[in-house]
Amino acid sequence: KKTLECASLAPDTSMSDLDRVKTWLDDGMLLHPRPSDAANSFSTVDLIRAVASLSGAVVDVTPSVQRALTALGNKPARHIVFLLTDGLGVNILEKHLSSGSFLRRHMVCTARSVFPATTAAALTAIGTGEYPAQHANLGWSVAAKVPSNRAALLPWIEYDTKSSIDSVAPHLDFKEMFPAP
């Protein structure tokens, strides 16, 4: 059993930041947002864009979106069921469900999450079809011009009081803060 100690994340002045991050990636302490098999896989953003395309929307069909379209059968569907269970990776399904289980039998494809893989960043990416660097919602709370200076974006509330941002800071416009569609 490998134990990771917090002290191992402390800055090591004998190496550059880039070399330190590369070491963490090599040691498995960090997961790379573009895995080595990226040429054969696709992200949840690619999957959402493929679903949008199959639903009639006009999207930029990049090679990774094309891989998602191929995995989905590359033809319009009358119904598409997209099951998202926060924190549940396919490895858990494979370990705990038999290959004959309903979920395993009906799983068409898997996609890797976005980076950072926070719930807020991932759900916003799924909702907008944009990567976190484009939609800018990287975490659950952000600094904002509200009385407590923090806002929880997904429920659109002031972090400390749980009051609606619309009631405590009507001047804030979600679309201005996060311009992704």
Side-chain angles (χ1 to χ4, degrees), residues 30-142 144 151-159 162-167 170 172-181:
L30 288 177
L31 296 178
H32 200 290
R34 298 280 304 177
S36 58
D37 70 341
N40 299 316
S41 64
F42 50 89
S43 71
T44 51
V45 171
D46 301 318
L47 181 60
I48 290 302
R49 290 176 179 175
V51 168
S53 176
L54 293 174
S55 301
V58 176
V59 299
D60 182 20
V61 180
T62 62
S64 54
V65 171
Q66 184 58 56
R67 286 191 293 277
L69 283 165
T70 300
L72 294 173
N74 216 359
K75 58 183 183 256
R78 187 167 174 200
H79 301 284
I80 297 173
V81 176
F82 180 86
L83 177 64
L84 171 76
T85 307
D86 191 18
L88 178 67
V90 70
N91 55 335
I92 294 173
L93 289 177
E94 291 171 347
K95 181 177 180 178
H96 296 285
L97 295 179
S98 72
S99 59
S101 68
F102 179 83
L103 287 178
R104 296 272 310 273
R105 281 193 337 264
H106 292 89
M107 185 171 18
V108 174
C109 64
T110 60
R112 67 180 189 284
S113 188
V114 294
F115 180 84
T118 65
T119 298
L123 290 179
T124 305
I126 289 167
T128 63
E130 301 289 346
Y131 286 96
Q134 294 164 309
H135 65 61
N137 188 3
L138 303 180
W140 188 253
S141 66
V142 297
L153 298 180
L154 290 180
W156 197 242
I157 59 172
E158 183 181 28
Y159 194 82
K162 311 297 185 237
S163 300
S164 164
I165 290 176
D166 293 332
S167 68
L172 288 182
D173 181 7
F174 190 85
K175 290 179 183 176
E176 279 184 34
M177 291 174 69
F178 303 99

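The first residue of the sequence shown is numbered 1, and numbering continues consecutively from there.
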Engineer: What's the shortest heavy-atom distance between Ala50 and Leu72, and which atoms?
Structural biologist: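 Here Ala50 and Leu72 meet closest at CB-CD1, 4.0 Å.
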Engineer: Kindly compute the distance separating OG (Ser43) from CD1 (Ile126), expressed to the nearest 0.5 Å.
Structural biologist: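 So the OG of Ser43 and the CD1 of Ile126 are separated by 9.5 Å.
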Engineer: Should the heavy atoms of other residues, nucleotides or ligands under 6.0 Å from NZ of Lys95 be counted, would the total exceed 12?
Structural biologist: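 Not buried by this count: 12 neighbours or fewer within 6.0 Å.
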Engineer: Can you check whether Val59's main-chain N or O pairs, donor with acceptor, with Arg49's side chain at less than 3.5 Å?
Structural biologist: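 It does not hold such a pair.
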Engineer: What distance separates Leu154 CG from Trp140 CH2, expressed to the nearest 0.5 Å?
Structural biologist: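 Going from the CG atom of Leu154 to the CH2 atom of Trp140 covers 4.5 Å.
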Engineer: Mind checking the OG1-CG spacing from Thr110 to Leu93? Nearest 0.5 Å is all I need.
Structural biologist: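 Going from OG1 on Thr110 over to CG on Leu93, the span is 10.0 Å.
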Engineer: Tell me if the CZ atom of Phe102 is crowded by more than 12 foreign heavy atoms within 6.0 Å.
Structural biologist: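 Incorrect, the count does not exceed 12.
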Engineer: Considering all heavy atoms of both residues, which atom of Ala125 and which atom of His135 are nearest to each other, and what is their separation?
Structural biologist: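 Nearest pair, atom of Ala125 first, then His135: N-NE2, 3.4 Å.
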Engineer: Do side-chain atoms of Thr118 reach the backbone of Leu138 as a donor and acceptor pair under 3.5 angstrom?
Structural biologist: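 Yes; judged by distance alone, with no hydrogens or angles, the pair exists.
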Engineer: If you compare all heavy atoms of Pro132 against all heavy atoms of Ala121, which two are closest, and at what distance to 0.1 Å?
Structural biologist: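 Looks like CG-CB, 4.0 Å.
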Engineer: List the steps, then state whether side-chain contact (heavy atoms from CB on, under 4.5 Å) holds for Val65 with Ser53.
Structural biologist: CA-CA 9 Å; Val65 171; Ser53 176; 5.6 Å; no
Engineer: Please report the interatomic distance CG(Leu123) to CG(Asn137), rounded to the nearest 0.5 Å.
Structural biologist: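 Rounded to the nearest 0.5 Å, the CG-CG separation comes to 9.0 Å.
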Engineer: Have a look at Tyr131 and tell me which of Asp46, Thr124, Thr44 forms a side chain to side chain donor-acceptor pair (under 3.5 Å) with it.
Structural biologist: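 It is Asp46, the one option of Asp46, Thr124, Thr44 that forms the side chain to side chain donor-acceptor pair (under 3.5 Å) with Tyr131.
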Engineer: Taking all atoms of both residues into account, what is the closest heavy-atom pair of Arg105 and Ser99, and its distance?
Structural biologist: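 Minimum heavy-atom contact is CG-O, 3.7 Å.
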Engineer: What is the minimum heavy-atom distance between Asn74 and Leu54, and which atoms define it?
Structural biologist: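 Heavy-atom minimum between the residues: C-CD2, 4.0 Å.
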Engineer: To the nearest 0.5 Å, how far apart are CG in Leu47 and CZ in Arg67?
Structural biologist: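 Reported value, rounded in 0.5 Å steps: 12.5 Å.
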Engineer: Looking at every non-hydrogen atom in both residues, tell me the closest pair between Ala122 and Ser113 and how far apart they are.
Structural biologist: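 Scanning both residues completely, I find the closest heavy atoms to be CB-OG, 4.0 Å.
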Engineer: Any heavy-atom pair between the side chains of Gln134 and Thr128 that's under 4.5 Å?
Structural biologist: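 With C-beta onward as the side chain, the pair stays apart.
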